[in-house]
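Below is one structure. I have some questions about it.
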Amino acid sequence: MSPDGLWSIGELAEHAGVTVKTVRFYSDRGLLPEASRSSGGHRRYGPGALDRLRLIRSLRALDLPLPEVRRVLDAEDEPGPALADVVAGRLREVGTQLRALRWRETALRLVQEAPPEERADRLRLLGAMTTPPTTDAPARFWRAWLPARMPARSVRAFLEVAVPQPPDDPRPEQALAFARLHALTSGPCPGGAQQPEAHREAGARGAAVLYAGLAEAYELAAVQLRRDRRPYPGDALDGFVAAYAEAYGVPDSPGFRGRLARQLAADPRLDRYWELVSEVTTRPGARPEPTPGAAHDWLLAALDADLAATG
């Protein structure tokens, strides 16, 4: 350091343990301001330049891009909040990259370990998704399936239950199931163009009431499924029937239950969708959690049992 307390570019580089080229790079981009120039036009840096340069190097070591480094440096009076925000953003980016790498590794293993006759099919399924995959395809599928003009809040509530999130660190069977789910919902509707009769009879507003009531009935049925209870008339079935009766604006009665059973038996089935959802969401070594599809089947069987018992 010269008598005037300023560093030359070479001195600053030496004390910081970097090259002169590195100091010049950050100076040219405005991250490391010069205090002055010598009579010969050489750059001179003030006493705070060394700490600033070390901070820049630390931020860059975290792989922060230059605009984010500048944002922290510009917050000289209160760098803490800016640094926390920048690091949090970078963590989210790194998390996404790690998820993508885990999905890519799992996909490669699935193709590598597949029987030769299945490799091309697996490659097609897995290659059709982004890495990490998104829920765009199943969400679009359900938005097309649900009644038009159904309230947005009701649609969001249904999608939260019906659309599984891809695991961050998928097991091979989960990744393959999600790929098949993506393919299933990217193509034509499994039930064809046919919509459930309930959508037409209840209308958009009535469908919102229907799906809210069904969600409660499915929860009650899930309790029985976890206990391995055979389908039977009870609170879950009463809630199930009440959801349809309220949506249709009619009272619950034996006649209505008979009509409902016939209608539901004729509705398009989405069994394969719910089978794949179960494969995606089941934790290693855990018993599969009941899906809304499994609960619906249990309740429909309970309705048949109720009708059989009452003649």
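Both backbone and side-chain heavy atoms feed into the values below; hydrogens, waters and symmetry mates do not. This is a predicted model, so every value here is computed, not measured.
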Arg143 and Asp136 ion-paired at < 4.0 Å
no

Does the side chain of Pro133 reach to within under 4.5 Å of the side chain of Trp103, using non-hydrogen atoms?
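The answer is yes; the side chains approach within 4.5 Å.
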
Is there a path of hydrophobic side-chain contacts, each under 4.5 Å between heavy atoms of I/L/V/M/F/W/Y residues, joining Leu220 to Leu237?
no

Report yes if the distance between the aromatic ring centroids of Phe158 and Trp145 is under 6.0 Å, otherwise no.
no

Mind checking whether Val250 and Leu307 sit in one hydrophobic cluster, side chains of I, L, V, M, F, W, Y counted as touching below 4.5 Å?
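As far as the 4.5 Å side-chain criterion goes, Leu307 and Val250 are connected within one cluster.
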
Donor-acceptor pair, distance only, cut-off 3.5 Å: does the side chain of Arg54 make one with the backbone of Ala49?
no

Parallel, tilted or perpendicular: which describes the rings of His199 and Tyr211, with under 30° parallel and over 60° perpendicular?
tilted

Counting heavy atoms not belonging to Arg109, are there more than 12 under 6.0 Å from its CZ?
no

If the threshold is 4.0 Å, N to carboxylate O, is there a salt bridge linking Glu201 and Arg259?
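Between Arg259 and Glu201 there is a salt bridge, with a charged N closer than 4.0 Å to a carboxylate O.
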
Please test Trp274 against His296 for side chain to side chain contact (heavy atoms under 4.5 Å, CB included), starting from the C-alpha separation and ending with a verdict.
CA-CA 11 Å; Trp274 295 115; His296 184 90; over 6 Å; no

Near-ring test Phe240/Trp298, centroid separation under 6.0 angstrom
no

Has the side chain of Arg70 got a donor or acceptor atom that lies under 3.5 Å from a matching backbone atom of Arg29?
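Side chain of Arg70 to backbone of Arg29: a pair is present.
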
Just checking, any donor-acceptor pair under 3.5 angstrom between side chains of Arg99 and Thr96?
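Distance-only check passes for Arg99 and Thr96.
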
Please check if the side chain of Arg60 supplies one atom and the backbone of Leu64 the other of a donor-acceptor pair under 3.5 Å.
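Between the backbone of Leu64 and the side chain of Arg60 there is a qualifying donor-acceptor contact (under 3.5 Å).
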
Side chain proximity check, Ser278 to Glu275, heavy atoms < 4.5 angstrom:
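No, side chains not in contact.
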
Determine, using the 4.5 Å side-chain heavy-atom cutoff (strictly less than), whether Val223 and Leu303 are members of one ILVMFWY cluster.
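In one cluster: no.
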
Ion pair present between Arg257 and Asp306, side-chain N to carboxylate O less than 4.0 angstrom?
yes

Please check if any side-chain donor atom of Ser27 sits under 3.5 Å from a side-chain acceptor atom of Tyr45, or the reverse.
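There is such a pair (donor and acceptor under 3.5 Å, judged by atom type) between the side chains of Ser27 and Tyr45.
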
Hey, are Asp297 and Arg269 close enough for a salt bridge, meaning a charged N less than 4.0 Å from a carboxylate O?
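So Asp297 pairs with Arg269 through a salt bridge.
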
Any sub-3.5 Å donor-acceptor pair from Thr22's side-chain atoms to Val18's backbone N or O?
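The answer is no, because no donor-acceptor pair under 3.5 Å joins these two groups.
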
Counting only heavy atoms not in Glu219, do more than 12 sit closer than 6.0 Å to its CD atom?
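Atom CD in Glu219 is not packed in, count stays at 12 or less.
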
So that I can tick it off, tell me whether Glu160 and Arg156 are bridged by a salt bridge, with the cut-off set at under 4.0 angstrom between side-chain N and carboxylate O.
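Result for this pair is no, no salt bridge flagged.
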
Report yes or no: does Arg102 contribute a side-chain atom to a donor-acceptor pair with the main-chain N or O of Pro132 at less than 3.5 Å?
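No, the answer is negative, given that no donor and acceptor are paired below the 3.5 Å cut-off.
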
Would you say the side-chain atoms of Ser36 and Arg44 include a donor-acceptor pair closer than 3.5 Å?
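There is no such pair between these side chains.
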
Has Arg287 got more than 12 heavy atoms of other residues, nucleotides or ligands less than 6.0 Å from its CZ?
yes

Carboxylate-amine/guanidinium proximity below 4.0 Å for Glu289 and Arg226:
yes

Test: Asp28 and Arg43 ion pair at under 4.0 Å
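The answer is yes: the pair qualifies as a salt bridge.
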
Charged N-O contact under 4.0 Å between Asp74 and Arg71
no

Going by an N to O cut-off under 4.0 Å, is there a salt bridge joining Arg200 and Glu197?
yes

